[in-house]
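Chain naming here is simple, since letters A, B, ... match the order of the sequence lines and numbering starts at 1 in each. Hydrogens, waters and symmetry mates are skipped; everything else that's a heavy atom, side chains included, is used.
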Protein chains: 2
Amino acid sequence: MRSALTGEPVSVLDRILAILDTVRESHGSTTITQLALATGIPKSTVSRLVGDLVRQRYLARTEHGVVIGLRLFELGARASTPRRLSVAALPVLAELFNATGEHLNVAVQEGQDMISVISVRGRLRPAPSRAGVRVPSATTALGKAVLAFTEDEAVLRDVLTGFEPDRRHSFERELATVRAEAVAIDRCETFPGVVGVASPVLSPERLPVAAISVAGPESDMDANRMMPLVRHAALVLTHRLALQTA
Amino acid sequence: MRSALTGEPVSVLDRILAILDTVRESHGSTTITQLALATGIPKSTVSRLVGDLVRQRYLARTEHGVVIGLRLFELGARASTPRRLSVAALPVLAELFNATGEHLNVAVQEGQDMISVISVRGRLRPAPSRAGVRVPSATTALGKAVLAFTEDEAVLRDVLTGFEPDRRHSFERELATVRAEAVAIDRCETFPGVVGVASPVLSPERLPVAAISVAGPESDMDANRMMPLVRHAALVLTHRLALQTA
DNA sequence: GATGCCCGTCCCACTGAGTGGGAGGATCCC
DNA sequence: GGGATCCTCCCACTCAGTGGGACGGGCATC
């Protein structure tokens, strides 16, 4: 098949996952033709695969096109890491919310991004993130909190690649500060007008498993007041996770 | 292959979905061998498919076995129906929670079960349901609220099948009452000691798209007080959904 | 109502992707 | 060392999956 382009998905599994991811990325909904174009899979094949996935309720058809179905929602709700974190984090988040009233997130590393696992709405409108959303590691407080403690050289290298030498050094210095203080800050780097303060959650082996963050409006959130609160929340969560495993 | 047993999954897609579903059902975690037994797929094939799914982060390996991975969480969080319902339902649930303080659920029909799409914790411990959980249609207030208004004969027949004639008639009479009052009740049928009160959420075509429920301890929850509150919440949600579409 | 365009689905001969029995390695317990 | 249980890898075979193209329906535009 398609002898011309290499790197195209050839296995059925790759194709299915490519379709699912493309549907996810198309916020709203997509059509068969758009999926065929985006994935490089012939239209007739996309039609058949989507038909099967719809029959199994992994996808659904609306009048506007193809969307994520209920079965994937069901599967996602059972995902291991988010569940474990939720159980441990909810009381911690409740306390942190009482103390701050701001938008809270717990996120984990996934490739070069962070994925928000739990999200609590504060006064920010619109909310900059929701559970299940990807945010870049390089600019968010969440990402920097995790990167500062990671021992995975590959991820760090990938993030640094693309930075100019200047930026690169200042970023490495910033991570050193984060390591020392156990708090990372995002001053409107990711979302204009939004300041984030995050602290890492570590495994018993001192490796970063997640990060917890507070985000509020640049104009009237006191980052200095947030820092000890977030650091404390992350420490408590680290401790609760260690107990949970045992 | 496997000429003996028909109905076994033969297509790659069916096999992948069978594996994913089996992993989901195995609360906690499964091994390759258990998956092979449960799905009827040869072990070497399961090993290869699971390996691919892990590489793509749709599944993950822990020290205890195979679990649902982050990519499925990400996909699930983008599912269309839950998202639309969440946006419309959150203010309604906030009001209902203030009025009751009990465990709340919004659920949609999926086959012969209901799937909880949003869950708000009340004072019940442990919580009888969470978002993403399946509960049977035939006994829960949520299920009966939807069944009373469904026009899908097939689903109704499937649910009725297996009931003895007596039970069948009383169930049909119960549904008629639900239709008249727009409220269904589950008096400890599904969970011992737990009473549920639910009301249907309808589409502009008057077809059931979801149901909203309050659940509390049999001992000291006043179902009669709940009924108008739940009915009102469902009506408001029905209205908000109609506006959302327009 | 004829023409053109863009949908999505279906058909079916061809073929290479997927298969799975069996070998092999790792780990654990007796 | 022997046995049990786990998972992964190999590779010749073959049938499941493929995709070009035909088809039918929806919708403007002329």
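Nearest-nucleotide mapping onto DNA chain C: of Thr31(A) and Leu13(A), the residue sitting toward the 5' end is Thr31(A).
In this model, the phosphate group of dA16(D) is not approached by any side-chain N or O of Ser11(B) to a distance below 4.0 Å at OP1 or OP2. At dT8(D), one or more side-chain N or O atoms of Arg61(B) fall inside 4.0 Å of OP1 or OP2 (strictly under the cut-off). For dG8(C), the OP1/OP2 oxygens have no side-chain nitrogen or oxygen of Arg48(A) closer than 4.0 Å.
Atom CD1 of Ile16(B) and atom C1' of dA16(D) are 13 Å apart (whole Å). Atom C1' of nucleotide dG8(C) and atom CG of Asp52(A) are separated by 15 Å, given to the nearest angstrom. If you measure from atom CD of Glu63(B) to atom P of dT27(C), you get 15 Å, rounded to the nearest angstrom. Between Ile41(A) atom CD1 and dG19(D) atom C1' the separation is 12 Å, expressed in whole Å. We find that CG of Leu35(B) is positioned 15 Å from C1' of dT8(D), with the value rounded to whole Å.
Ser44(B) comes within 4.0 angstrom of a nucleotide base, judged by non-hydrogen atoms across all strands.
To the nearest 0.5 Å, the span separating CG on Leu72(B) from OG on Ser80(A) amounts to 12.0 Å. A distance of 8.5 Å separates CD1 of Ile19(B) from OG1 of Thr45(B), quoted to the nearest 0.5 Å. In this structure, the separation between CG on Leu156(A) and CG on Leu175(A) is 6.5 Å, given to the nearest 0.5 Å.
With dT19(C), dG8(C), dC7(D) as the choices, the nucleotide that has an atom nearest any side-chain atom of Ser47(A) turns out to be dG8(C). Between dC6(D), dT8(D), dG8(C), one nucleotide has an atom nearer to the side chain of Lys43(A) than all others, and that is dG8(C). Side-chain proximity of Pro42(B) to dG20(C), dT18(D), dC7(D): nearest is dG20(C). For Val12(A), counting side-chain heavy atoms from C-beta on, the closest listed nucleotide (dT18(D), dG20(C), dC7(D)) is dT18(D). Among the nucleotides dC7(D), dT9(C), dG19(D), the one closest to the side chain of Ile32(A) is dT9(C).
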Next item on the list: Step by step, work out the side-chain contact (heavy atoms from CB on, under 4.5 Å) result for Asn105(A) and Leu142(A).
Entry: CA-CA 8 Å; Asn105(A) 270 291; Leu142(A) 288 165; 4.1 Å; yes

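Recorded end-axis angle for the helix from dG1(C)-dC30(D) to dC30(C)-dG1(D) stands at 40°, based on five pairs per end and rounded to 10 degrees.
Side-chain contact of Ser199(B) with His232(B): a donor-acceptor pair under 3.5 Å is absent, judged by distance alone. Between Thr39(A) and Thr22(A), the side chains place no donor N or O within less than 3.5 Å of an acceptor N or O (distance only, hydrogens not considered).
In summary, of the residues considered (Val46(B), Leu20(B), Leu49(B)), a side chain to side chain contact (heavy atoms under 4.5 Å, CB included) with Arg15(B) occurs for Leu49(B) alone.
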